[in-house]
Amino acid sequence: MVSGLNRKLFRDVASLKYQTITLAALIICGVAVLVSSWSSYESLKQARDSYYDRYGMGDVFADIKRAPLDVFRKVSELPGLEIAEARIIEQTLVDVANQAEPATGNFLSLPDRSEQRLNRVYLRQGRMPEAATTPEAVVHEAFAEAHKLKPGDTVDALFRGQKKTVRITGIGLSPEFVYSLNPVVPFPDDKHFGVFWMPRSTLEKLAQMEGSFNNVSGRLEKGASLSDVKAGIDRILAPYGCRGAIGRDRQLSNQLVSDEIREQRVMAFFNPAVFFSVAAFLIHIVISRLIGMHRTQIATLKSIGYRDGEIGAYYAKLVCLMLFMGIVPGLLVGAWLGRVYSDIYQSFFRFPHLDFIVSLPSIFIGIGASLIPGLAGAAHAVRSVFKLSPAQAMLPPSPPPYREGFLEKRGLIRFLDLRERMVVRGFLLRPWRLMFTILGMSAALAIVISGGFWVDMLDFVIETQFSRLNREDISVSFLHNRPRAALRELSQIPGVTAVEGYRAVPVRVRSENHSRESAILVMDPLSGMRRALDADGSALTVPERGILLSRYFEDTFGLSAGDPVELELLEGAPRRVWLPVSGFADDLIGVAAYARPEQIQSALGESPSYSMAALKVDPALSQSVYERLKTFPEVISVNSKVLLYEGFQSTMAGMIRFFTGVLIGFAVVISLAVIYNAARVSFSERGWELACLRILGFDSGAVWQVLFLEVTLQVFLSVLPGFALGNLLSRLSAAMIHSESFRFPFYLETSTYAFSALLIAAIWLMNGWLIRRMVGSLKMVEALKARD
Amino acid sequence: MAAGILAAIYFAFAPRAVEVETARVRRGRFEETLKADAKIRARKSHVIRAVADGDIFKRVDYKAGDPVKKGEGLTKIYWGPERVLRSPADGVISKIYFEGPGPIRRGDPILEIVESQNLEVVAEVLTTDAVRLKAGLPLAVEGWGGSGPLRGRIVRISQAGYTKISALGVEEERAEVRAELVDVSTEALVHLGDNYHADVFITLSVHDDVLSVPLGALFKEGSGKDGGWRLFRVVDGRARGTPIEIGLRNDREAMVTGGLTESDTVILYPGDLVKEGSKVRN
């Protein structure tokens, strides 16, 4: 008996091969997205946590101007601080042999005698530096890879105006620089920013910091309060130009790594949730209808003497077999894709190892989310057949009773021909089924749109950042604030066509109980290269009286235009200014404030000076401009927008486009599966009616028209809800992924809607062709037996 | 129906108008200027010295900045006879070398007086720029704190250059350029003094009735050395790349010698979204 059912099992699966394939495709997508994103989220989190733990990532950091080492003893004795380390961090201009434009180098001191206990260097290659005649240093892997540096190579660095040749002794990593990022540039740029570690004895001479330090990091004791320790450090170091201690949460690299992990967690939850709600819905419908069509077989089996339990178990087996054909490849694809993702991450996030782990919970969730709706659908269908007596069930299901719908009542029906009537009546008699089909199709459309949203948003961010916000060719930062004469000097370099000066003043913005560190960009009203923008991308005027703030302050501080805000200037002696807020700028990256020179200079009590300059450069002469800029001791970093843009396009943008491409690919598969299955099920269910049509004298073209018309109407009806759902989904993902360092704007191009609609249209046409083949293979006699 | 769908597709995919900032080509006076850091200086200063070895019994009762009149008695020196030292000119005390009371040697300085109403402008110009200057060129003095520029004229270009560390930390060769102030209102003069800060804009040449465009509109075609200057004009709402010839440049504008007409509107800081023929809007 059982072997008979088993034979039937394989025969059934073979006869349902198209449904099995589309279902499998659907499940592969859902499971793969779930497993890959969840696993890469867990791998990333695991890599970060173990790295931080093993290499002593600091809990608290503070930058100061300069303080004698005696002062550090007071810091290290602070209650709540388990370990503290004083360091020198010196920013320099680095000249690498193969590159015309200079790079920025951050040199960090290593303790001379004791072991490094916090933010320890993981040595990938070579050895640690020692005191030697030629200064030695370990270089960060990201910079070393970008310039193909090996131990033994040398680079030139400008320390306080003096050029020194530095020998690379090793290549290293540190938990502090998982994301190696220049603090003044919002995107990673490994070619132009590098971290170096040097013995204290060497660096203190080069940086003229003998017996002093300018950075502290510390680890908290268990249970100690971060804010107490921060306040303690601020109290001790405030006279030495401390701009406020920061917790790990504000540490640049950690902030970005944690944001990425948080985003990945949102994606690991959000995308699979969307995919699976569509997939679960489809699995349920497809399975329940498939089994619904088996009603005569079920009835026959029952009449032969099979018990309900046996038949139920048989269908459970059938459904599991069909589903596992998707689940197993889905798991494999997911694991593979997750590995690809983590390889991509490896090139951004510098961990000693990023061991890819396939997340077990995601596997269980994936299997459960596929099996449960499938089995539930099967159970529902099988039970409804069991309720009938075998004799009744052996007959084909009677079509729903004819009712006079509003079409007939209003006489509208006469405008439609026979085929149209069949379709419209079918819809009106089974409105729920129509609604679910439309819901499925619009969900597929929505997934395509929400995938396209990422590309649109990325383009918007790139356009805003590179052509609306920063319109210079090169930006130059100065070691000290420079008078206006410096701008004149820059403008005299051959090849420089225009120069504008800006001043960034570090500031703590306060209002009531809120406070946040930021920087005021002091800009002349006549300057045009750097601007503050509103959400539409149009420029905001910096007010004559008052200050422009990032939108963040409106949202978080609850400020509105006209409110006074307290600005604590963190440069030189601490000073406080109250200025009215004149408006809010929609900054995408970080938070900032904008003010005119008069407002800030009088508070600082100094004549106009600049911390950076924006340059327009004749591209033909840019190489010689770089060469010239390298000779100025007061120039500490040079950033080229074009090079940054190219770097961004080849790295970050590539990564986001890849992730999005995968999502869109999956969305296409889903929409194909939805539409094809809808047509397929409708064909099987109506096999009897359609065969009747043939017998009545309609040719196979006419039968095809009925089915195709039905699909067309369904597709047509789902376009608008699909657009709306896609918009909603995009807004939701933008809101969920929003972080403090990155503000994700909601931005959808009309062309994305159109693209998704065209994609659906292409799938619809392809389906038309598939249905045509199906109809061609319809055998009248077989269909009328209604056994399929 | 099909046409409608095609039109919808076209509009959905047609490139959006790029938002740009524009400026009009300006016809009028173009001044080729040279900007330099300068100081306002008293033309003359006088050091009051002890006329003989002697004593000053009374404290020299002045502070730096105190005004003095010509002929005003400043202090008395005794070396047997007594001599009143008088101010040789109207001005202000700029330095006090000897406060007294106490003995003093012949020739030692006691006070310095600058003629604060007899002012000139001294600019420190790079020697490479100085060779383009000549006496008599007009200049505008700005950034002195008061409203509106003061006018001046170059009197002498020093041929004794010297080396100075620049604002960006490199050595530069400079020469002093002295200029007199022309038609200065007494109100302005009252507020100015010796060693006051100023920026000067020396007018190298003036061209009347010429076209000029903001520098922000210009870019180079390609990256070759021979690539010419270009900009985007706005013609019927579309960007049109236009090769232009430019003559002189100052720190904000360039003089156009060919390729543009007065009625043209040009795009400022064109980003890479602006391409030949792309739709633009303000």
Side-chain angles (χ1 to χ4, degrees), chain A residues 160-161 459 462-463 466-468 471-473 476 478-480 482-492 497-500 526 528-529 531 536-539 607-610 613 616-623 628-629 631-635 642 645 749-755 757-758 761, chain B residues 5 8-16 18-21 23 34-38 124-126 128-129 143 145 164-172 197 199 214-229 246 249-254 268-274 281-282:
Chain A
R160 307 261 157 164
D459 288 342
I462 290 177
E463 194 206 320
F466 289 102
S467 38
R468 288 179 196 271
R471 304 199 286 185
E472 77 275 4
D473 294 326
V476 169
F478 303 131
L479 181 60
H480 305 104
R482 295 284 85 197
R484 193 174 291 154
L487 304 183
R488 197 236 338 120
E489 212 175 328
L490 290 172
S491 70
Q492 277 165 346
T497 53
V499 178
E500 285 175 1
L526 283 176
M529 294 200 219
R531 303 184 301 169
D536 306 330
S538 43
S607 59
S609 65
Y610 304 92
K616 282 291 248 189
V617 172
D618 178 350
L621 296 173
S622 61
Q623 298 298 310
R628 186 86 179 91
L629 286 173
T631 64
F632 293 124
E634 281 290 336
V635 168
V642 182
Y645 176 71
E749 288 270 10
T750 327
S751 60
T752 302
Y753 291 114
F755 169 75
L758 280 188
Chain B
I5 290 175
I9 291 173
Y10 172 76
F11 281 115
F13 286 102
R16 279 303 87 93
V18 184
E19 207 170 297
V20 293
E21 208 178 314
L34 177 74
K35 189 177 163 191
D37 279 344
E124 295 184 313
V125 176
L126 287 181
T128 47
D129 288 328
K164 193 182 169 183
I165 301 290
S166 77
L168 291 177
V170 292
E171 289 188 345
E172 285 181 335
H197 176 84
D199 300 320
L215 284 182
L218 299 177
F219 59 94
K220 274 269 173 104
E221 186 181 20
S223 56
K225 265 225 152 53
D226 47 10
W229 289 105
I246 61 167
R249 276 187 274 159
N250 61 22
D251 63 338
R252 294 218 173 270
E253 290 183 315
L268 288 180
Y269 305 104
D272 54 359
L273 289 178
V274 181
R281 68 191 154 95
N282 246 348

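Here the structure is a predicted model, which means the values were calculated and not measured. Order of the sequence lines sets the chain letters (A, B, ...), proteins ahead of strands, with each chain counted from 1.
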Heavy atoms only, distances under 4.5 angstrom: which of A:Ala757, A:Ala754, A:Pro483 has the most pairs with chain B? Name it, please.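 The residue among A:Ala757, A:Ala754, A:Pro483 with the greatest pair count is A:Ala754.
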Who among A:Leu758, A:Val635, A:Asp473, A:Leu479 has the most heavy-atom pairs with chain B under 4.5 Å?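 Counting heavy-atom pairs under 4.5 Å, the top option is A:Leu758.
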With a 4.5 angstrom heavy-atom cut-off, which part of [X] approaches chain B: side chain, backbone, both or neither?
{"X": "A:Tyr753", "result": "neither"}
{"X": "A:Arg471", "result": "both"}
{"X": "A:Ser491", "result": "neither"}
{"X": "A:Glu500", "result": "side chain"}
{"X": "A:Glu472", "result": "neither"}

Looking only at non-hydrogen atoms, find the nearest pair between [X] and [Y] and report the distance.
{"X": "B:Ala167", "Y": "A:Glu634", "result": "O-CG, 3.6 Å"}
{"X": "B:Leu168", "Y": "A:Glu489", "result": "N-OE1, 3.3 Å"}
{"X": "B:Val274", "Y": "B:Val20", "result": "CG2-CG1, 3.8 Å"}
{"X": "A:Phe478", "Y": "A:Tyr610", "result": "CD1-O, 3.3 Å"}
{"X": "A:Lys616", "Y": "B:Gly216", "result": "CE-O, 4.4 Å"}

Residues in side-chain contact (heavy atoms from CB on, under 4.5 Å) with A:Glu463, at least two apart?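 By the side-chain contact (heavy atoms from CB on, under 4.5 Å) rule, A:Glu463 matches A:Ser467, A:Arg468, B:Leu273.
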